[in-house]
Asks: 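Got a structure for you, written out below as structure tokens; questions coming shortly.
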Amino acid sequence: MDVKQKIIDAVKVAAESAISEGVLKSTGELPEISLEVPPKKEFGDFSTNFAMQTAKIFHTAPRKIADEIKSRISEEWLEKIEIAGAGFMNFYLKADVIYSELKNIFDELENFGQLPNKKNIPIQIEYVSANPTGLLHVGHGRGAAAGSAIVNILRAAGYNVESEYYINDAGNQMENLAKSVNARYLELLGQPVEFPENGYHAVDIIDTTKKIIERDGDKYLSLPEDERLKVLEDLAYADKLAELKKDLANFQVNFDVWFSERKLHPDKINDAIKVLRERGEIYEKDGALWLASTKYGDDKDRVVVRENGVPTYLAADIAYHKDKFERGFSQLINLWGADHHGYICRVKAAMSALGYNADNLKILLLQMVSLYRGGELVKMSKRTGESITLRELMEEVGTDAARYFFLMRSIDSQLDFDLDLAKKQSSENPVYYIQYAHARICSIFRQTAEVGLTVPDAPKFSMMTTAAEIDLINKIFEYPDEIEKAAAEFAPQRIARYVYDLAAQFHSFYRDCRILGVDEDLAKARLALVKITAHTIKHALNLLGVSAPTSM
RNA sequence: GCGUCCGUGGCUCAGUUGGAUAGAGCAACGGCCUUCUAAGCCGUGGGUCGCGUGUUCGAGUCACGCCGGACGCACCA
């Protein structure tokens, strides 16, 4: 809010003048003034702990400092300043400030929730990046929900963000995919077959194979084994990738760039290794090439090219991240499953070895998901005997509930996902609770339209004085700040909680403040507030990738 | 053994880069529909913030050490 900055400035000016008058003697640099919304209404609209933080610098008791600052602030939009507790300064705004702030939001409602562009800093975020050898499971689902929400939040906060999916389509797993499909192909066509040792057994491989047979029949039977493997690899890969994209799109997840690992082979990998070698970061031992990653804090050095000349996964990853930096991003973010945390150190070490600032590569870890049904841990799908897929989850609980449940917890916390709760269409289910608030508002607009009541250009906001109205208004004011913090902390759960609280505030308002049947000006002011509320709920839900239904 | 994350009412979790009397939801109990969706609202009870030491005017939050849980520790990806 504008007011927030005005208060900060006023405190700063007051402190400086107290210093120049010699009343306060500074023995160090003043800290940044932080202004927060106090935990209780009685503590005013905003408060700062500035006096407590500067007690040491001024060699003065906090309450005395607060007193001196307070006596030097006289803004006509301030109702009063109170000094409380150990030295908190609580600011109380005059009522009309709230209404003019609300008017500002109302006048540019379409932009409310979109913060001004931050200069520079192009950010790239890579997430999901599951191998194209099977279906996405619930763990990928959490990553997909978190990654896409973080992208949305960063954009709302004004950052320039590009999202990317890294397709691991160049390693052993592709060979295994080909061998697995080949085995199923022969099997389905009645040929004797031995299933490959490291093959993929999941039923989706059979589905993929059946699709190939439906379209092309047995025409690949006559090919020599190695040629058939090659053909089937391409066909299976295309199918798996298409399925992946389909599931993600259904889950409200879209990527700007799909980056194939094959693009790194062999030139970009060779180039990266060449650079490392020139920088003296690579040595040869036992016929393999090693990266001296211990120099940068890794536990041990890592092989980048095997004895047989084939680069390791790490080599590709080094080339990949080098490529990202070369594309001009100044901040890279990777969202990985927590089971990959042991990998962080070596990748960062490699970036340092290449001469990049490893701090510009931020790796977020996502903790594991456990599904519960009827209070029991669900490990495997009843239908397939394999781990539960994202597709099955979407079918069972719906996209909105699945996304919200994935996002309502911090990414650092292991998630217990209650399937029964996610399916419930009642107040116990937070998703429905929030969506219901939006649907209720839409219903109000349908009702008011019937009697010809519409939102005016200049609502008389100052007519709204009850606690329920003021609380709702103040909750709306918090939204931009909440986006800023969620972006800074990569914390979608902040938005999930905020929109829940906003819905709760609206439900209370709905109970206390009728629109039909009250004074017309008041009704119109309330209708305008309700419009702002609907916009904010919908905007926040959009950030989470959850829909805002107009009726339920 | 080493590393990462977690430990907050019966259950699932928030807790604003250290701040005021630790908050929600579920579960339990008691109220509220002749008026815009009761998928809602209002109220009551329930806590040694895993344990200990330290830093600080102030610690759920920071540091160190334990205890407990999850996940990792490849010339796999």
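As a basis for the values below, the full set of heavy atoms in this structure was taken, side chains included, without hydrogen atoms, waters or symmetry mates. Naming convention: chains lettered A, B, ... in sequence-line order (proteins, then strands); numbering from 1 in each chain. For clarity, every value in this text was computed on a predicted model and none was experimentally measured.
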Asks: What are the two closest heavy atoms between A:Gly113 and A:Tyr479, and how far apart are they?
Replies: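 Looks like CA-CE2, 3.7 Å.
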Asks: Take the protein atom CG of A:Leu453 and the nucleotide atom C1' of B:rC36, then report the distance between them rounded to whole Å.
Replies: 11 Å
Asks: By the 4.0 Å heavy-atom rule, please label A:Glu36 as base, sugar-phosphate, or nothing.
Replies: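 Nothing, no heavy atom under 4.0 Å.
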Asks: Contact class for A:Ala55 vs. all strands (heavy atom < 4.0 Å): base, sugar-phosphate, or nothing?
Replies: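 No contact at all - A:Ala55 keeps every heavy atom at 4.0 Å or more from the nucleic acid.
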Asks: Rounded to the Å, how far apart are A:Asp512 CG and B:rC42 P?
Replies: 8 Å
Asks: I need the CG-P distance between A:Asp299 and B:rG3, as an integer number of Å.
Replies: 9 Å
Asks: Answer yes if the side chains of A:Tyr92 and A:Glu82 hold a donor-acceptor pair under 3.5 Å, and no otherwise.
Replies: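 Yes, a side-chain donor-acceptor pair sits under 3.5 Å.
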Asks: On a whole-Å scale, what distance lies between the C1' atoms belonging to B:rU8 and B:rC49?
Replies: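 So the two C1' atoms sit 4 Å from each other.
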Asks: Could one point to a donor on the side chain of A:Asp339 or the base of B:rG72 with an acceptor on the other under 3.5 Å away?
Replies: no
Asks: Kindly point out which of B:rC36, B:rG25, B:rG15 is positioned nearest to the side chain of A:Gln493?
Replies: B:rG15
Asks: I'd like the C1' distance from B:rG60 over to B:rG18, given in whole Å.
Replies: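 Taking atom C1' in both B:rG18 and B:rG60, they lie 11 Å apart.
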Asks: Respond yes when some side-chain nitrogen or oxygen of A:Gln414 is under 4.0 Å from OP1 or OP2 of B:rU12, and no when none is.
Replies: no
Asks: Taking any heavy-atom pair under 4.0 Å as a contact, classify A:Cys442: base, sugar-phosphate, or nothing.
Replies: nothing
Asks: Taking for each residue the nucleotide of RNA chain B with the nearest heavy atom, is it A:Val303 or A:Arg440 whose nucleotide lies nearer the 5' end?
Replies: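 Its nearest nucleotide lies further toward 5', so the answer is A:Arg440.
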Asks: Answer yes or no: does a side-chain N or O of A:Ser508 lie under 4.0 Å from OP1 or OP2 of B:rC42?
Replies: yes
Asks: Measuring from the side chain of A:Tyr313 (C-beta onward, heavy atoms only), which nucleotide among B:rC6, B:rA77, B:rA39 has the closest atom?
Replies: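 Output: B:rA77.
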Asks: Looking at the side chain of A:Met368, which of B:rC6, B:rA20, B:rC71 is the nearest nucleotide?
Replies: B:rC71
Asks: Does the structure show a Watson-Crick or G-U wobble partner for B:rC2, both distances under 3.5 Å? Name it, or say none.
Replies: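 Per the H-bond distance test, B:rG72.
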Asks: Work out how far the C1' atom of B:rU56 is from that of B:rU61, and round it to whole angstrom.
Replies: 13 Å
Asks: Stacking between A:Phe88 and B:rG19, defined as ring centres under 5.5 angstrom apart with planes under 30°, is that present or not?
Replies: no
Asks: Output yes when a side-chain donor or acceptor of A:Lys348 lies under 3.5 Å from a complementary backbone atom of A:Leu361, and no otherwise.
Replies: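 Present.
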Asks: When you measure from the side-chain N and O atoms of A:Lys300 to the phosphate of B:rC75, is any distance below 4.0 Å, counting only OP1 and OP2?
Replies: yes
Asks: Looking at every strand, decide which applies to A:Asp416 at a 4.0 Å heavy-atom threshold: base, sugar-phosphate, or nothing.
Replies: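 Contact class for A:Asp416: sugar-phosphate only.
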Asks: Within the 3.5 Å criterion, strictly below it, is a donor on A:Asp301 or A:Tyr283 matched to an acceptor on the partner's side chain?
Replies: yes
Asks: Please work out if A:Gln173 contacts a base, only the sugar-phosphate, or nothing of the nucleic acid, heavy-atom cut-off 4.0 Å.
Replies: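 Sugar-phosphate contact only - A:Gln173 comes under 4.0 Å of backbone atoms but never of a base.
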Asks: So which nucleotide from B:rA20, B:rC75, B:rG3 ends up closest to the side chain of A:Asn90?
Replies: B:rA20
Asks: Answer yes or no: side-chain N or O of A:Asn198 and base N or O of B:rA77 forming a donor-acceptor pair under 3.5 Å.
Replies: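 When only heavy-atom distances are counted, A:Asn198 does not reach the base of B:rA77 through any donor-acceptor pair under 3.5 Å.
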Asks: Using the closest heavy atom to pick a nucleotide of RNA chain B for each, name whichever of A:Val310 or A:Met52 lands nearer the 5' end.
Replies: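 With A:Val310 and A:Met52 compared, the 5'-side residue is A:Met52.
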Asks: Under 4.0 Å, counting only non-hydrogen atoms across every strand here, what does A:Arg497 touch: a base, just sugar-phosphate, or nothing?
Replies: sugar-phosphate
Asks: Indicate syn or anti for B:rC36, taking the glycosidic torsion and treating anything within 90° of 0 as syn.
Replies: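 What B:rC36 shows is an anti base, its glycosidic angle lying more than 90° from 0.
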Asks: Quick check: does any side chain N or O of A:Asn49 sit under 3.5 Å from a backbone N or O of A:Met52, one acting as donor and the other as acceptor?
Replies: no
Asks: What does A:Glu482 touch in the nucleic acid at a heavy-atom separation under 4.0 angstrom: a base, only the sugar-phosphate, or nothing?
Replies: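 The residue A:Glu482 makes no contact with any strand.
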Asks: Does the plane of the ring in A:Tyr320 sit parallel, tilted or perpendicular to the ring in A:Phe259? Use 30° and 60° as the thresholds.
Replies: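 Taking A:Phe259 first and then A:Tyr320, their aromatic rings sit tilted (interplane angle of 30° to 60°).
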Asks: Decide whether a cation-pi geometry holds between A:Arg440 and A:Phe506; the criteria are a distance under 6.0 Å from NZ or CZ to the six-membered ring centre and an angle within 45° of the ring axis.
Replies: no
Asks: Nearest to the side chain of A:Glu261 - B:rA20, B:rC5, B:rA77?
Replies: B:rA77
Asks: Of the options B:rA20, B:rG72, B:rU17, whose atoms approach the side-chain atoms of A:Ala84 most closely?
Replies: B:rA20
Asks: Could you state the atom-to-atom distance from CZ of A:Phe417 to P of B:rC13 in whole Å?
Replies: 13 Å
Asks: Could you state the atom-to-atom distance from OH of A:Tyr498 to P of B:rG15 in whole Å?
Replies: 17 Å
Asks: Rounded to the Å, how far apart are A:Tyr372 OH and B:rA70 P?
Replies: 11 Å
Asks: Do we count A:Tyr510 as stacking onto B:rG40 if the rule is ring centres under 5.5 Å and planes under 30°?
Replies: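 Not stacked: fails the 5.5 Å / 30° test.
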Asks: Using a 5.5 Å cut-off between ring centres and planes within 30 degrees, is A:His507 stacked on the base of B:rA38?
Replies: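 No; centroid distance or tilt outside limits.
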Asks: So, the side chain of A:Thr533 versus the backbone of A:Leu529: is there a donor-acceptor pair under 3.5 Å, distance only?
Replies: yes
Asks: Under 4.0 Å between any heavy atoms, over every strand shown, what does A:Thr448 touch: base, sugar-phosphate, or nothing? Just pick one.
Replies: nothing
Asks: Please state how far atom CG in A:Asp169 lies from atom P in B:rA77, giving the value in whole angstrom units.
Replies: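 Rounded to whole Å, this separation is 13 Å.
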Asks: Using Watson-Crick or G-U wobble geometry with both distances below 3.5 Å, tell me the partner of B:rG18, or none.
Replies: none
Asks: Do the side chain of A:Ser370 and the base of B:rA70 come within less than 3.5 angstrom through a donor-acceptor pair of N or O atoms?
Replies: no
Asks: Is A:Ser413 near enough to B:rA14 that one of its side-chain N or O atoms lies under 4.0 angstrom from OP1 or OP2?
Replies: yes
Asks: May I have the distance from A:Leu365 (atom CG) to B:rU4 (atom P), rounded to whole angstrom?
Replies: 11 Å
